[in-house]
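Okay, structure first, notes after.
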Amino acid sequence: MNPRTLLWLVPCLIVWAVLPFVVPRNIADLLVFTGIYTVAGLGIGLLLGHCGIVNLAQATFYGLGAYASAYCTVMMGLPSIVGFLAGAAISMALAYVIGRPILRLTGYFLALGTLALSAIASALFFEWDWLTGGTLGIGGIPKLDLFGFLLDRPSRYYFFVWIVAFACMAVAHNLIDSRTGLMLRAMRDSSTAAAALSIDLQALRTKVFVVCALFGSLAGSLFAHHASFVSTQSFTVDRSISFLLIPVIGGATSIPGIVVGALFVTFLPELLSKLGDIHQILFGLALVAVVVLMPEGLVGAFAKLRTRFARKGGSHG
Amino acid sequence: MTSLSAGYGALTVLRDVSLKVGDGEAVALVGANGAGKTTLVRTVCGLLRARGGRIVKNGSDITATPAHDLAQHGLAVVLENRRLFGELSVRENLILAETVGRKARGADMRFSWDEVTALFPVVKERMASPVELLSGGQQQMVAIARALLLQPDLLIMDEPSTGLAPKVVKDILLVIKALRERGMGLLLIEQNVGIASEITDRAYVMSVGSIVHEIGPGEWQSFLTDERLVRAYLG
Amino acid sequence: MTLSLVLQALFAGVTNGIVYALVGMGLSAIFKGSRVINAMQGEFAVIGAMTTVLLLTKAGWPYAAAIAGGAIAGALVGAFIEVAFVRFMAKKNASEDSFLLLTIGLALSLSASILYFVGRDGHLLPPLGGEGVLIVMDAVIQFHALWLIAIGIGATLALRAFYHRTTIGLSMMAASIDADGAATTGINVARMRTFTFVLGGLLGALGGILVTPLIAVDYQLGLNLTLKGFAAAVLGGLTNPLGAAVGGITLGLVESLAIIGISSSYKDVVAFSVLIVIMILMPQGILGRAGRRGG
Amino acid sequence: MAEPLLALREVGHSFGGLSVLRSVTFDVPEGGIIGLIGPNGSGKTTLFNIVTGYIRPLAGTITYRGAPLVRETIQQRGLQGLVRTFQTPQVFEQMTVLENVMVGCTKLTRTTMLQDLLRTPAARGQMREIRARAEAACERFGLTALRELPAASLTAGQRRILEIARAVIGEPRLLLLDEPSSGLNVQEIDGLREWIVRLNEEGITILLVSHDMGLMTVARTVHTLYFGEIIASGDMAAIQRDPRVREVYLGV
Amino acid sequence: QTSGEAIKIGAIVSVTGAGAGLGVPERNGLLLAEKDINAKGGIKGRPIKIIVEDDASNPDTALSKANDLIFGQKVQALLGPSLTASTVAVGGVTHANKIPQIAFTGIGPAVERDRKCVAHVLPPQRLNATALLEYAKSIKATKIGVLHDAGYGNVVMAELKPLADKYGVKLVAVEKFEIGATDTTTQAAKVKAAQPEAVFIIATSATPFRNVKQIQITQPVIAAIGSSSYEYVNAMGPAADNIVIPEFVVGEDPLPHQKAFVELYKQAYNSTPKNYEAAAWDAAHIIAAALNKAGADATGEKLCEAMKAPYAGVLANYDFSADDMTGIPITSFVFSKLVGGKYTRTPFRVAQ
Ligand SMILES: Nc1ncnc2c1ncn2[C@@H]1O[C@H](COP(=O)(O)OP(=O)(O)OP(=O)(O)O)[C@@H](O)[C@H]1O
Ligand SMILES: Nc1ncnc2c1ncn2[C@@H]1O[C@H](COP(=O)(O)OP(=O)(O)OP(=O)(O)O)[C@@H](O)[C@H]1O
Ligand SMILES: [Mg+2]
Ligand SMILES: [Mg+2]
């Protein structure tokens with residue numbers, strides 16, 4: 001690692017490490033949610049930014065993860081890790097089975113396909129209340145216990161969530177930077193030409209969809225152990241839509257963009273709600289402002305600003 | 001057009017380009033790949049904003065005129081890659097142009113519907129099919145027909161021979177000659193100097209964003225035979 | 001399962017289908033003319049209906065005038081959105097995703113505004129053709145629903161004619177297919193896009209006004225309509241208003257037949273599964289057309 | 001005579017009543033350069049689409065390396081060494097030129113998704129190899145200066161070259177070039193001809209569609225399609241003398 | 001006439017989103033109660049301050065808001081939230097940190113039984129179901145058709161099913177529709193086809209009521225309390241006739257102990273209050289009473305103990321001394337009937 005990277009990485013790490021101890025508990029709580037949303041958003045970002053696929057089904061996998069954790073721990077009394085694994089396994093299996101046929105669609109047809117998937121899942125979450133607790137949900141999910149260290153408050157859970165988030169970011173980064181990533185972007189830009197170069201579009205899309213589902217499910221399990229409570233309201237189509245906002249706001253092709261997007265959707269409503277009942281109007285307008293002023297996402301806008309500065313600096317020096 | 005410059009983003013492609021097409025004159029613009037020919041066309045027809053210089057047509061300044069108004073000034077263009085409306089039928093593509101042409105010229109149409117469609121029999125046969133289903137060459141013909149129906153007195157063509165069979169190229173050359181006799185001016189961007197020399201009187205040679213050589217009337221032959229010049233400018 | 005129950009389900013299916021179709025048609029009109037998926041199409045319906053309700057009840061306008069007012073409100077909002085946002089973004093070559101985000105943001109703030117300024121009450125409009133109903137073998141359909149079906153079919157045909165028979169309709173399509181090509185063919189691309197949004201707003205508002213005698217409008221109706229309209233439009237092929245109509249009615253029928261055929265608990269599950277199957281079998285949509293494959 | 005690399009027998013196709021190809025039969029011998037000419041809309045691109053698997057022919061058989069091609073997907077055909085370029089160049093616009101070329105040789109290496117996700121040494125090694133190969137190809141086709149540019153900003157001619165570079169790096173056995181010369185100037189076409197000859201010498205069989213008669217002279221045999229039928233075959237000189245070809249295609 | 005540092009009480013309601021129909025009236029009730037309590041001298045002379053937050057009808061947000069109120073703003077007790085799911089979610093924090101809570105919902109899933117310091121000022125769904133059945137019994141309907149939504153309706157339905165047997169009622173058709181459905185005609189037609197003697201509608205929207213009338217179901221319609229607010233009645237249009245609702249407050253014709261509240265509310269907001277306004281008002285007064293008893297600075301278990309007592313409220317005669325702290329008796333229900341779009345109180349009451 002070169003010294004320049006260290007120069008900004010070390011302060012960042014320090015800020016990250018002390019943050020939960022200096023902010024009030026409710027902010028720490030939001031930071032935990034940011035981490036959870038980052039994990040879920042990463043999957044959508046991979047699909048959107050690198051495959052050009054609009055995935056409106058992330059709430060489904062998020063829900064599967066959450067319910068798996070809730071059911072395993074509360075109803076069956078199993079250790080939490082089983083919930084994580086079961087959620088991941090079920091989500092990935094479902095993504096594979098459903099993904100094979102659905103991912104033959106392209107563009108908006110695929111978007112509608114995933115939307116339909118989300119609607120089906122959300123109806124089933126309502127319907128199978130023996131499993132999900134229906135509208136009333138499942139409460140009393142235990143906090144995570146890491147080798148005797150109970151992650152029972154946001155400032156502790158924060159570290160766990162963000163370490164998972166960083167791991168997911170690293171994995172996503174690896175993927176983008178790999179041979180697979182190359183093929184993904186080729187497929188996004190021209191599927192006709194990608195096919196001619198022997199890229200198996202269908203298989204590739206399915207694989208990424210499965211990775212996206214894995215992230216969704218992980219986020220869901222993390223959420224379940226944080227909120228201690230899960231119910232159908234958290235896994236509706238609306239939630240799928242709000243997950244989609246994360247990469248779009250931040251910039252779908254960039255990994256830091258996902259974090260920025262997650263920060264945006266967790267903190268902005270909180271800040272705006274201080275302004276009274278108009279906060280939802282303002283949130284909508286904030287979205288509008290972001291796209292109108294920065295169509296390439298917050299991170300894209302930032303990068304542009306930096307190059308502009310760099311050029312200005314260059315012409316002076 | 002005088003000392004025109006243009007570019008994309010941070011990149012300036014055209015630097016101080018000046019050229020002139022007389023009334024009813026046919027002028028070619030040749031140059032190597034990436035010389036900036038297409039950029040020039042896009043700037044002249046208003047798709048790209050000029051960063052400097054002026055474009056004047058028949059005495060009126062059209063530098064800042066938006067692209068869609070240029071038909072009123074008698075300017076039509078066949079863009080690189082054709083830029084047709086793929087999902088619309090051939091007829092619909094042409095009708096759109098004809099309507100605009102009619103508005104520009106009123107009853108005094110230079111090229112009637114029948115005349116233009118007669119030029120390209122294949123096009124006539126496929127009137128009802130969506131343009132995107134046509135073969136590359138067929139589409140090129142539709143693009144030319146569409147430009148003609150705009151009733152231009154100056155036609156700009158960016159590599160019109162791309163993808164056309166030799167016979168069709170010859171047919172088109174004949175058509176263009178016929179059009180010229182009716183007083184239409186032509187600015188032809190062409191890689192194939194052979195074709196260019198056949199129907200134009202003069203030519204400009206472009207290289208890395210500037211005009212580096214002018215081929216005057218009657219100088220085509222000497223240019224083409226001068227291996228050194230050709231290599232220098234086009235190689 | 002009695003015959004009259006099936007008939008009732010068919011009536012309900014077609015009526016709902018026409019509602020979805022009206023929203024879907026607006027969506028597909030906007031997509032056709034601007035390549036923007038308008039996530040606030042349902043909001044146009046709410047705006048149109050709410051304006052009509054307010055003009056009728058608060059301002060005391062006659063019904064016909066209030067309807068016109070509602071429709072104009074939809075068209076104006078459409079125009080405003082194009083001029084204020086879309087045009088600006090198009091200049092910056094914004095991506096498809098960002099247009100989607102734009103309309104989602106607008107949808108959220110519009111629905112929140114209606115909650116804040118108008119309130120959360122549901123409102124109804126008087127039905128066209130009176131409160132009467134038609135009874136066929138014990139199955140009931142309101143006169144208004146019959147009107148709605150007739151108008152829906154009329155609108156579909158009119159829209160089709162508009163796109164393929166009028167120069168302005170053709171120009172609107174051309175501008176969205178290839179902006180550069182259109183500009184050099186003498187088409188004012190930005191203006192066509194404005195027209196497109198006006199048309200989309202108008203269709204949306206009219207759809208909203210037409211359904212309000214059947215469905216009470218409130219601030220949350222928009223998203224619901226948008227989702228169903230989106231399904232209708234995509235199912236039909238997205239760029240084809242006629243397709244949206246077919247898609248909408250298919251969706252409506254599948255939903256109501258799922259209720260009587262299977263179980264109302266699994267209505268959404270069945271309806272959306274059928275939707276997925278239809279799309280897999282017809283990946284271009286019911287009335288969509290495959291483009292040229294390969295080179 | 002040795003078995004041909006690709007053999008077309010009675011291949012026919014039509015689009016909803018419009019008959020585009022009618023019992024087209026010809027061979028592409030291993031190591032040869034075969035040309036295909038014909039008026040616009042005569043079915044050349046459609047034939048390419050059929051051979052590379054974008055379209056299933058309605059009639060006839062295609063044999064490649066002795067085995068019939070029927071259900072093989074586009075990808076599988078590519079892996080067997082059938083590589084094509086497109087009449088309208090299809091570049092990956094948002095990727096850089098180098099990345100475009102890199103995509104061309106992804107098929108020569110294998111990594112699993114898991115290796116990629118975890119960035120195992122194997123995955124890294126392969127990425128390095130792909131990059132090295134792509135850089136060499138850029139060098140060879142004169143794209144080195146453009147390497148870091150997004151492909152969207154290339155001119156028509158540059159795209160053409162990029163497409164060829166991307167196809168060649170995938171080690172094709174049979175390279176199908178659909179009008180590679182359009183958009184290039186005389187000099188560049190000369191360069192292209194040299195490449196074609198050189199690639200052929202390296203063992204790549206070439207099927208070439210072009211309207212440029214100058215370029216076509218590299219082909220040992222040229223078939224002329226007219227309304228989906230082969231009306232003349234032979235070397236270029238013979239074709240140019242053929243009266244029907246002169247009438248319907250060359251127009252002299 | 002109050003002085004000293006304000007006693008901070010947190011409140012979470014759904015002012016926006018799907019639950020706005022509950023949250024807005026609840027907030028009105030809370031703010032009115034705050035004024036009322038302070039006007040009457042506050043808690044031993046100290047004013048109370050109710051900090052109202054909006055959870056946008058989302059349990060996750062409710063959880064964040066609870067964290068903010070409890071740990072950021074250091075409130076002594078929490079009122080709300082409006083929705084069951086949010087209540088369960090918030091209960092996790094209040095329970096773990098021993099913060100007294102009064103929820104504007106009925107007691108829900110099993111976990112809530114362990115939460116010894118969460119009181120509920122609205123009836124549990126079992127009670128709502130019982131009230132429906134009591135009325136059916138009073139009109140001698142034994143074949144009942146049910147039309148319910150997938151959220152609220154589902155929950156009530158889960159309680160209704162086992163109870164029906166006890167009342168000797170047969171549920172001849174049970175049809176469900178999704179939350180926010182715009183059309184339920186087909187479901188209504190299925191109910192009609194089963195030829196019930198009365199129809200229960202359990203929903204939080206006007207749509208099923210309209211559809212039932214549209215397809216000309218003429219049998220008596222009995223609705224659960226969830227659809228008893230004015231906005232639904234408006235949206236029902238001409239269909240809002242002859243529907244019976246078991247509820248608590250009929251603003252047009254209040255019971256004697258409700259009169260004062262209704263008058264005060266009408267003055268303050270120029271509209272007629274219903275159940276949720278009253279529930280919130282009661283909740284604020286219950287906490288005030290507990291503070292008065294346990295001392296203004298009382299928190300945690302001490303305050304909680306003080307809450308565990310009977311309380312005669314506007315909505316009902318609560319008794320929180322029971323273990324699960326839901327103390328609404330069935331006798332507190334009144335049965336209203338919509339006549340020409342207006343609520344009228346019927347003479348029927350459930351006898352003890
Ligand atoms: N959209 C764009 N963004 C950035 N640079 C561009 C863009 N389009 C073209 N360029 C650059 O501008 C220069 C000139 O391009 P132009 O298309 O005008 O060349 P040309 O002479 O038409 O070439 P060709 O004969 O290959 O069509 C090239 O170097 C090209 O890389
Ligand atoms: N998907 C399709 N649907 C309908 N017609 C099609 C389709 N694809 C091609 N065609 C038609 O088939 C014929 C042959 O097309 P093809 O593209 O093969 O011609 P080509 O020989 O490559 O011509 P060119 O030299 O102009 O590229 C054309 O008439 C074209 O319109
Ligand atoms: Mg060019
Ligand atoms: Mg072709």
Side-chain angles (χ1 to χ4, degrees), chain A residues 42-43 46 48-52 88 92 95-96 99 104 167-215 218 251-254 296 300, chain D residues 48-49 52-54 73-86 88-96 98-120 122-124 126-127 129-131 134 150-152 163 166-167 169-170 172 176:
Chain A
L42 271 174
L46 275 181
L48 184 68
H50 298 272
C51 315
M92 288 165 75
Y96 184 79
R104 282 178 30 198
C168 291
M169 282 149 95
V171 166
H173 173 91
N174 287 348
L175 186 70
I176 293 167
D177 216 20
S178 71
R179 175 175 160 273
T180 309
L182 211 54
M183 299 197 289
L184 286 179
R185 273 170 289 150
M187 179 176 77
R188 170 198 64 194
D189 284 1
S190 163
S191 57
T192 315
L197 299 174
S198 298
I199 294 175
D200 189 343
L201 313 178
Q202 179 86 18
L204 204 56
R205 290 154 145 251
T206 312
K207 280 185 199 160
V208 183
F209 195 60
V210 168
V211 172
C212 170
L214 169 66
F215 286 171
L218 269 183
T253 46
S254 106
E296 53 309 68
Chain D
F48 270 30
N49 285 339
T52 47
Y54 285 85
T73 60
I74 306 168
Q75 292 81 2
Q76 286 164 342
R77 293 178 200 217
L79 289 174
Q80 293 181 21
L82 271 166
V83 180
R84 70 176 292 184
T85 65
F86 295 88
T88 322
Q90 300 268 326
V91 296
F92 305 122
E93 300 219 335
Q94 295 180 49
M95 302 168 75
T96 65
L98 182 66
E99 284 175 329
N100 264 273
V101 180
M102 284 166 77
V103 174
C105 62
T106 49
K107 66 172 173 186
L108 301 179
T109 58
R110 277 283 85 108
T111 47
T112 62
M113 187 83 160
L114 200 62
Q115 284 175 318
D116 282 343
L117 286 172
L118 300 178
R119 200 195 284 270
T120 57
R124 260 184 290 173
Q126 298 209 338
M127 223 18 209
E129 188 193 326
I130 291 176
R131 183 179 296 271
E163 224 197 1
R166 196 179 63 188
I169 194 174
L176 299 101

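Letters go in sequence order (proteins before strands), and every chain restarts at 1. Values below: every heavy atom of this structure, side chains too, minus hydrogens, waters and symmetry copies.
Only the side chain of D/Ile130 comes within contact range of chain A, with heavy atoms under 4.5 Å apart. Heavy atoms of D/Arg166 lying under 4.5 Å from chain A belong to its backbone as well as its side chain. D/Met127 touches chain A through its side chain: at least one heavy atom from C-beta onward sits under 4.5 Å away, while N, CA, C and O do not. Neither the backbone nor the side chain of A/Ile176 comes within contact range of chain D, judged by heavy atoms closer than 4.5 Å. Contacts between D/Thr85 and chain A at a heavy-atom distance below 4.5 Å are absent for every atom of the residue. Contact annotation for D/Arg110: both backbone and side-chain heavy atoms come within less than 4.5 Å of a heavy atom of chain A.
A 4.5 Å side-chain heavy-atom check between A/Leu201 and D/Gln75 finds at least one atom pair inside the cut-off. Put simply, the side chain of D/Met113 reaches to within 4.5 Å of the side chain of A/Leu175, judged on heavy atoms. No side-chain heavy atom of A/Arg185 sits less than 4.5 Å from a side-chain heavy atom of D/Val103.
Residues passing the salt bridge (Lys or Arg N to Asp or Glu O under 4.0 Å) test with A/Arg188, sequence neighbours excluded: none. Remark: D/Thr106 engages no residue in a side-chain hydrogen bond (donor to acceptor under 3.5 Å, both in side chains) (not counting sequence neighbours).
The candidate from D/Glu93, D/Gln80, D/Gln94, D/Lys107 with the greatest count of non-hydrogen atom pairs under 4.5 Å with chain A is D/Gln94. Taking chain A as the reference chain and counting heavy-atom pairs below 4.5 Å, the highest number among D/Leu79, D/Leu117, D/Leu118 is found for D/Leu117. With respect to chain A, the highest number of heavy-atom pairs below 4.5 Å among D/Thr109, D/Asn100, D/Thr52 belongs to D/Thr109.
Residue pairs meeting the ring-ring contact (aromatic ring centres under 6.0 Å, His included) criterion with at least one partner in residues 174-202 of chain A, sequence neighbours excluded, are absent.
Around the CZ atom of D/Arg124, the shell of radius 6.0 Å holds more than 12 heavy atoms that belong to other residues, nucleotides or ligands. Around the CZ atom of D/Arg119, the shell of radius 6.0 Å holds more than 12 heavy atoms that belong to other residues, nucleotides or ligands.
In terms of heavy-atom proximity, A/His50 sits nearest to A/Thr253 at NE2-O, 3.5 Å.
Residue-level contacts of residues 203-214 of chain A with chain D, in order of numbering, are A/Lys207, A/Val208, A/Val211; threshold 4.5 Å between heavy atoms.
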